[in-house]
2 protein chains.
Amino acid sequence: MDLKQLSASLGLSPTTVSRALNGYPEVSERTRERVIEAAKEVGYEPNVTARRLARGAVDAIGIVHPTGAGHLDDPRFLEVVDGLTERFSKAGIDLLIASARQKEEVATYKRLLQGRRVDGFIVHHTRRVDPRLDYLQECGAPFVAYGRTDTPDSYAWFDFDNALGSSLAVRRLQEFGHRRIAYMHAPLELHFAYQRYQGYLDAMHAAGLPVDPGLVVPAGFGRRGGYEAMKTLLDRAEGPTAVIVDNNLCGVGVLRCALDAGLKIGRQLSLIVYDGVPVDSVVTSVQVTSIEQPTSYAVGVQLAELMIGVLAGQPVQELQTLWSPRIAAGSSDGPISEH
Amino acid sequence: MDLKQLSASLGLSPTTVSRALNGYPEVSERTRERVIEAAKEVGYEPNVTARRLARGAVDAIGIVHPTGAGHLDDPRFLEVVDGLTERFSKAGIDLLIASARQKEEVATYKRLLQGRRVDGFIVHHTRRVDPRLDYLQECGAPFVAYGRTDTPDSYAWFDFDNALGSSLAVRRLQEFGHRRIAYMHAPLELHFAYQRYQGYLDAMHAAGLPVDPGLVVPAGFGRRGGYEAMKTLLDRAEGPTAVIVDNNLCGVGVLRCALDAGLKIGRQLSLIVYDGVPVDSVVTSVQVTSIEQPTSYAVGVQLAELMIGVLAGQPVQELQTLWSPRIAAGSSDGPISEH
DNA sequence: TTGTATGCGTTATCAT
DNA sequence: ATGATAACGCATACAA
């Protein structure tokens with residue numbers, strides 16, 4: 001059943017039916033009701049392809065994720081996608097998911113855009129200098145970045161105040177009396193990792209604490225990496241009394257290692273982990289103090305909201321969202337104590 | 001640059017240019033070369049929306065995943081998606097991802113289909129009786145199921161020989177001399193869980209081993225569930241000498257629990273886990289014997305391949321793929337021994 | 001308030 | 001081998 005048939009069955013022109021269904025004001029209420037009723041009755045659904053061609057907009061947003069990049073298994077990604085689709089579907093927007101080998105990323109954006117497969121993009125895992133954003137800005141394509149680059153003024157973005165999270169953690173540990181505060185991080189070319197790291201450095205300096213390079217350890221994104229990194233720290237002559245970990249899978253490994261070493265968490269070693277330790281962890285004895293952020297689902301919804309703003313032509317300066325993390329206190333940190 | 005402009009610049013009609021680019025045979029080789037050259041030169045990309053409208057096909061496949069269903073955080077899902085997009089993109093097919101609350105799943109399929117947003121679907125996590133497949137068959141929509149239902153003859157599907165995997169595990173343990181073989185499983189309304197469970201039962205019977213209902217434990221999809229379930233088993237007067245776990249996150253929990261209880265894995269307790277224990281686990285001392293299946297990426301590629309067959313009108317009976325798992329021996333199982 | 005005519009960028013049909 | 005013309009199904013400028 002298409003528009004022509006529907007309108008014929010009602011004795012109206014396709015134009016009027018179209019207007020009635022799309023909420024145009026110049027249709028009489030009586031007619032609108034009749035039309036909507038009939039449309040529901042016969043189960044009419046407009047052909048989106050035709051509508052798209054006529055309107056020149058696709059009502060689809062793309063999200064490109066790098067193949068074999070390691071954060072593929074990031075469970076959060078799917079949660080974000082969930083928030084995106086939820087919000088987008090309300091606006092009649094489709095979410096297109098594409099994958100690209102890391103070298104071909106920009107080419108993929110180009111292909112999707114030039115074939116008019118999408119109106120714009122959600123770009124995630126931004127890097128400090130990011131050729132994808134450069135390309136999209138160059139050709140004026142709508143996009144929202146999940147995470148800022150070094151030059152965040154000229155586009156729409158969502159981000160957490162990553163530096164703040166680390167600062168809060170350092171300040172808290174410092175108030176407990178810690179001085180030797182270790183820091184474990186994901187690769188620093190990822191901007192969130194970089195920002196969190198900067199927050200750590202700044203807060204350490206502000207607190208007048210020395211930063212021992214040996215206590216700053218790249219530990220990647222995984223449990224295993226965290227475990228190994230922690231083992232290295234524990235082997236040192238002068239180990240840390242507290243550890244901050246910039247991502248939670250890594251944090252699980254750190255916790256595990258500390259427990260295996262027989263340390264009393266919260267007394268002999270203080271631990272603060274970004275995003276906390278996942279609910280589905282086998283470790284239940286310790287409630288890990290965490291730097292807490294809104295759920296990834298909420299992030300997805302917000303990203304979609306921003307995208308809709310961009311598509312509506314809102315100035316990008318109004319479309320920059322920064323959410324602040326906060327500390328959720330657990331039992332994994334406290335004053336220094338030797339027993 | 002659209003088709004009209006391109007053709008004008010070549011002094012040809014849009015028709016000829018279209019034919020040349022789409023590989024129609026009735027174009028002279030000379031013309032074709034000229035056209036392809038020019039198209040590349042100016043970076044012409046056909047407008048897919050217009051093409052779709054003209055051809056009446058969307059070249060897009062949908063995948064609907066249930067919101068808040070617990071397997072959202074299934075890392076494998078993204079790997080499958082990766083394989084799908086990879087294969088689909090070669091065929092010029094888009095992958096649309098939508099989410100739906102569990103009650104609204106069928107309605108979502110309906111909406112996507114009637115609005116001609118997609119040509120067909122990949123349906124995953126099939127249940128033994130699955131209203132989604134019923135609906136899609138009813139309205140004749142193309143789809144490929146990842147997992148069979150109770151009536152698998154009339155549609156295209158991909159599946160693992162789930163029963164076989166459990167049988168292999170039971171047989172192996174039986175040959176080691178085990179008799180009290182426990183089985184932990186995900187919810188049985190998921191067909192893969194049901195099939196694996198049936199394989200366990202059948203193999204136990206075939207081996208002449210008694211099935212103690214107390215040794216068959218629903219343990220869900222997570223580490224925590226596995227940990228708790230294992231604790232329950234260990235508390236029993238007559239516990240198992242071997243455990244089979246039907247999913248690997250759960251298996252991590254089981255392993256952890258057994259280690260915490262001080263058991264020597266492979267001697268005091270044998271363990272076989274579907275898909276093995278994830279590489280990024282902190283447990284490195286034990287190499288878990290696993291029921292091994294091809295990667296989820298490969299599954300994705302195969303699913304896409306099947307879908308392309310369906311769209312091409314191939315008979316569904318030729319589009320049913322069953323892959324067999326095999327045992328990858330590790331150090332987590334062996335003959336019974338008390339020390 | 002409603003209808004007519006035209007356009008969106010392709011592909012397909014039927015000539016030539 | 002190439003071209004003119006008509007779909008594809010909807011939205012919209014313009015007319016009534």
Side-chain angles (χ1 to χ4, degrees), chain A residues 1-36 38-39 42-60 92-94 111-119 311, chain B residues 1-36 38-39 42-60 92-94 111-119 311:
Chain A
M1 172 71 72
D2 65 14
L3 193 61
K4 192 153 46 167
Q5 296 169 331
L6 178 61
S7 58
S9 80
L10 282 164
L12 289 167
S13 75
T15 310
T16 303
V17 175
S18 168
R19 284 199 273 240
L21 291 171
N22 289 304
Y24 281 57
E26 62 265 52
V27 178
S28 80
E29 267 321 305
R30 238 181 59 74
T31 306
R32 188 189 306 280
E33 279 168 25
R34 265 184 68 210
V35 170
I36 289 177
V42 301
Y44 168 77
E45 280 275 342
N47 180 319
V48 288
T49 304
R51 159 180 280 170
R52 285 167 177 176
L53 184 59
R55 296 204 316 195
V58 188
D59 290 341
I93 295 172
D94 291 333
R111 191 176 59 78
L112 291 175
L113 209 53
Q114 298 209 335
R116 305 280 153 86
R117 295 177 121 84
V118 298
D119 291 319
L311 292 176
Chain B
M1 172 71 72
D2 64 14
L3 192 62
K4 193 154 43 170
Q5 295 169 333
L6 178 60
S7 58
S9 81
L10 281 164
L12 289 167
S13 74
T15 310
T16 303
V17 175
S18 169
R19 283 199 275 240
L21 292 172
N22 290 301
Y24 281 61
E26 63 264 52
V27 178
S28 78
E29 267 320 304
R30 239 182 60 73
T31 307
R32 188 189 306 281
E33 279 167 26
R34 264 184 70 211
V35 170
I36 289 176
V42 300
Y44 168 76
E45 281 277 340
N47 179 320
V48 287
T49 304
R51 160 178 283 173
R52 285 168 177 176
L53 184 59
R55 297 204 315 195
V58 189
D59 290 341
I93 295 172
D94 290 332
R111 190 177 59 77
L112 291 176
L113 209 54
Q114 298 210 333
R116 305 279 153 86
R117 296 176 119 85
V118 299
D119 290 320
L311 292 176

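Being a predicted model, the structure only gives us computed values, none of them experimental. To find a chain, count down the sequence lines: A is the first, B the second, and so on, and within it residues start at 1. As a basis for the values below, the full set of heavy atoms in this structure was taken, side chains included, without hydrogen atoms, waters or symmetry mates.
- At the heavy-atom level, T31(A) lies under 4.0 Å from the strands shown only through sugar-phosphate atoms.
- Proximity of a side-chain donor or acceptor of R52(B) to a complementary backbone N or O of A60(B) within less than 3.5 Å is not detected.
- Distances shown here put a side-chain N or O of S13(B) below 4.0 Å from the OP1 or OP2 atom of dG3(D).
- A side-chain donor-acceptor contact under 3.5 Å links Q5(A) to the backbone of D2(A).
- In this structure, R116(A) places its CZ atom 13 Å from C1' of dT10(C), rounding to the nearest Å.
- The shortest distance between side-chain heavy atoms of V48(A) and D59(A) does not fall below 4.5 Å.
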Side chain to side chain contact (heavy atoms under 4.5 Å, CB included) between Y44(A) and V17(A): does it pass, once the steps are laid out? CA-CA 11 Å; Y44(A) 168 77; V17(A) 175; 5.9 Å; no
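- Within the structure, a side-chain polar atom (N or O) of S28(B) is placed less than 4.0 Å from OP1 or OP2 of dT2(D).
- Residue contacts shown for G11(B) are limited to sugar-phosphate atoms, with no base heavy atom under 4.0 Å away.
- Within the 4.5 Å cutoff, no side-chain heavy atoms of E45(B) are placed close to those of R116(A).
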Counting primed atoms, P, OP1 and OP2 as sugar-phosphate and everything else as base, the B/S/- map of nucleotides 11-16 of chain D against protein heavy atoms under 4.0 Å is SBB---
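- Looking at I93(B) and L311(B), their side chains come closer than 4.5 Å, going by heavy atoms from C-beta outward.
- Where L53(B) and T16(B) each meet DNA chain D at their nearest nucleotide, the meeting point lying more 5' is that of T16(B).
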